[in-house]
Student: 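One structure follows; several queries about it will come next.
Values reported hereafter were calculated over all heavy atoms of this structure, with side chains retained and with hydrogens, waters and symmetry mates removed. Just follow the structure's listing: the first ligand is 1, and inside any ligand the first atom is 1.
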Amino acid sequence: MTALQVVRTVEGLREALAPARRDGRVVGLVPTMGFLHAGHLSLIEAARERSDVVVMSLFVNPTQFGEGEDLDSYPRDEDRDVTLAAEAGADIVFAPSAEEVYPAGFSTHVEVEGLTDVLCGDPSRRGASHFRGVTTVVAKLLNMADPDLVFFGQKDAQQAIVIRRMARDLDFRAEVVVMPTVRERDGLALSSRNAYLDASERERATAISRALETARSSTASGVDGALDAARAILADAGIEPEYLEARYADDLASARSFNGRPVLVAVAARVGRARLIDNVVINPEQDTTDTRLFRDKVAHRTPADN
Ligand code: AMP
């Protein structure tokens, strides 16, 4: 493919992909809500490496936002996103309208049970309906683009786990690839919502990744000890987390020790008006399991104005 194409309809997307499909080329899909940063770009670059045709979807999905969340104020800049996506190696940006994705009378949803009512899905937090919105739109995107590969970030660990389960349970043929979290040099995980932080909030927000690293280095104190040590770092920065929990990375059951299966230590916290999430996976068998999922990396490229 040559110049990047922006398409806005499912029909247009299928037409654009038809030649690749006919020739049996590998299609990679990177779903995003836009306002791209180096985390998104790392997914596009990974897709570029492994696919012949790279599609990035750009859709701020209304059904995954709850009442009172930031749907209306969510940062958007399509022109900039298209430029950055092209530079990172995307061939097609699929940027549908809400009406294209959810036509009048839309009434079908995809729900993954069990994994979606803890952490962010806890009824007192975003609730399972958040993940219902995510899985429904991702299922639709997989049907629209029918990719061979679909790329997600470890930054949204629960989302990646839920989507892996959905893809397996519903026999989607796409391979779900999860890429490491991209961080600023001071540890802050890149997020479109970091745009909400002023300078002092941005500084305080670094406590989130420091807390997670503290948990990682405190495993000798057991789960409760490690979480207490992490909580102390957050408290020092005046951050009261919405949650800070240790759960087994495969089924999200509450973790009782670090001695067995890989443990996801996940945090959500409000800093100013930004609700930020981050996580680390503590893997007792680092050498023998798939560490691709679990290794974070520092941004090698951050768009200047992000
Ligand atoms: P979003 O636009 O926030 O829906 O994110 C789109 C994709 O980018 C999701 O798969 C996210 O997990 C991934 N992503 C977001 N932030 C990062 C990050 N800092 N590092 C790696 N992937 C990320």
Student: Would you list the pairs meeting side chain to side chain donor-acceptor pair (under 3.5 Å) in which at least one residue belongs to residues 221-230, sequence neighbours left out?
Tutor: Asp228-Arg231

Student: What protein heavy atom sits nearest atom 6 (C) of ligand 1, and how far away is it?
Tutor: Pro31 O, 3.4 Å

Student: Testing the basics here: between Val54 and Gly89, what is the closest heavy-atom pair and its distance to 0.1 Å?
Tutor: CB-O, 3.8 Å

Student: Measure from NZ or CZ of Arg256 to the centre of the six-membered ring of Tyr248 and say whether it is under 6.0 Å with the direction within 45° of the ring axis.
Tutor: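 No cation-pi geometry.
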
Student: Counting from 1, what ligand 1 atoms have a heavy atom of Thr181 closer than 4.0 Å?
Tutor: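 Every atom of ligand 1 under 4.0 Å from some heavy atom of Thr181: 20 (N), 21 (C).
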
Student: To the nearest 0.5 angstrom, please state how far the CD1 atom of Ile44 sits from the CG atom of Asp91.
Tutor: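 Ile44 atom CD1 to Asp91 atom CG measures 10.5 Å (nearest 0.5 Å).
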
Student: Counting only heavy atoms, which portion of Arg183 has something under 4.0 Å from ligand 1: side chain, backbone, both, or neither?
Tutor: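 Looking at Arg183 and ligand 1, no heavy atom falls under 4.0 Å.
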
Student: Parallel, tilted or perpendicular, judged at 30° and 60°: which one describes the rings of Tyr102 and Phe59?
Tutor: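 Judged by the thresholds at 30° and 60°, the geometry between Tyr102 and Phe59 is tilted.
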
Student: Of the side chain and backbone of Lys155, name the one, both, or neither that has a heavy atom under 4.0 Å from an atom of ligand 1.
Tutor: side chain

Student: Among all protein heavy atoms, pick out the one at the shortest distance from atom 10 (O) of ligand 1; state its residue, atom name and that distance to 0.1 Å.
Tutor: Gly153 N, 3.0 Å

Student: When you compare the side chain of Val223 with that of Val265, does any pair of heavy atoms fall below 4.5 Å?
Tutor: no

Student: So is there a nitrogen or oxygen of Met33 less than 3.5 Å from a nitrogen or oxygen in ligand 1?
Tutor: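 For ligand 1, there is an N or O atom that lies under 3.5 Å from one belonging to Met33.
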
Student: Tell me, which protein residue and heavy-atom name are nearest atom 20 (N) of ligand 1, and how many Å apart are they?
Tutor: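 Checked against all protein heavy atoms, atom 20 (N) of ligand 1 sits closest to Val182 N, 2.8 Å.
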
Student: N/O to N/O below 3.5 Å, does that happen between Asp156 and ligand 1?
Tutor: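 It does: an N or O of Asp156 is found under 3.5 Å from an N or O of ligand 1.
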
Student: Please list all pairs passing the salt bridge (charged side-chain N to carboxylate O under 4.0 Å, His left out) test where one or both residues lie in residues 114-131, with sequence neighbours left out.
Tutor: Glu69-Arg126, Arg125-Glu245

Student: Under 3.5 Å between any N/O of Leu190 and any N/O of ligand 1: does that happen in this structure?
Tutor: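 Yes.
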
Student: Numbering the atoms of ligand 1 from 1, which are under 4.0 Å from a heavy atom of Phe152?
Tutor: 10 (O)

Student: Does Leu43 belong to the same Ile/Leu/Val/Met/Phe/Trp/Tyr cluster as Met33, with side-chain heavy atoms less than 4.5 Å apart forming each link?
Tutor: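 No, Leu43 does not connect to Met33 through the hydrophobic network.
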
Student: For ligand 1, which atoms have a heavy atom of Thr32 less than 4.0 angstrom away?
Tutor: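 The list of qualifying atoms is 2 (O), 6 (C).
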
Student: Heavy atom under 4.0 Å from ligand 1: found in Ala160's side chain, backbone, both, or neither?
Tutor: neither

Student: Examine the proximity of ligand 1 to Val30 and report which part, side chain or backbone, both or neither, has a heavy atom under 4.0 Å away.
Tutor: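 Contact part for Val30 vs ligand 1: neither.
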
Student: Identify the protein heavy atom lying closest to atom 16 (N) of ligand 1, giving its residue, its atom name and the separation to 0.1 Å.
Tutor: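 It is His37 CE1, 3.2 Å.
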
Student: Looking only at protein heavy atoms, which one is nearest to atom 5 (O) of ligand 1, and what is the separation?
Tutor: His40 NE2, 3.5 Å

Student: At under 4.0 Å between heavy atoms, which part of Pro180 makes contact with ligand 1: side chain, backbone, both or neither?
Tutor: backbone

Student: So how far is it from Leu119 CG to Leu252 CG, rounded to the nearest 0.5 Å?
Tutor: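 So the gap between those two atoms works out to 6.0 Å.
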
Student: Which atoms of ligand 1 sit under 4.0 Å from any heavy atom of Leu43?
Tutor: 7 (C), 8 (O), 10 (O), 13 (C)

Student: Could you tell me the separation between the CG atom of Asn279 and the CD atom of Gln154, rounded to the nearest 0.5 Å?
Tutor: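 Spacing of CG (Asn279) from CD (Gln154) equals 5.0 Å.
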
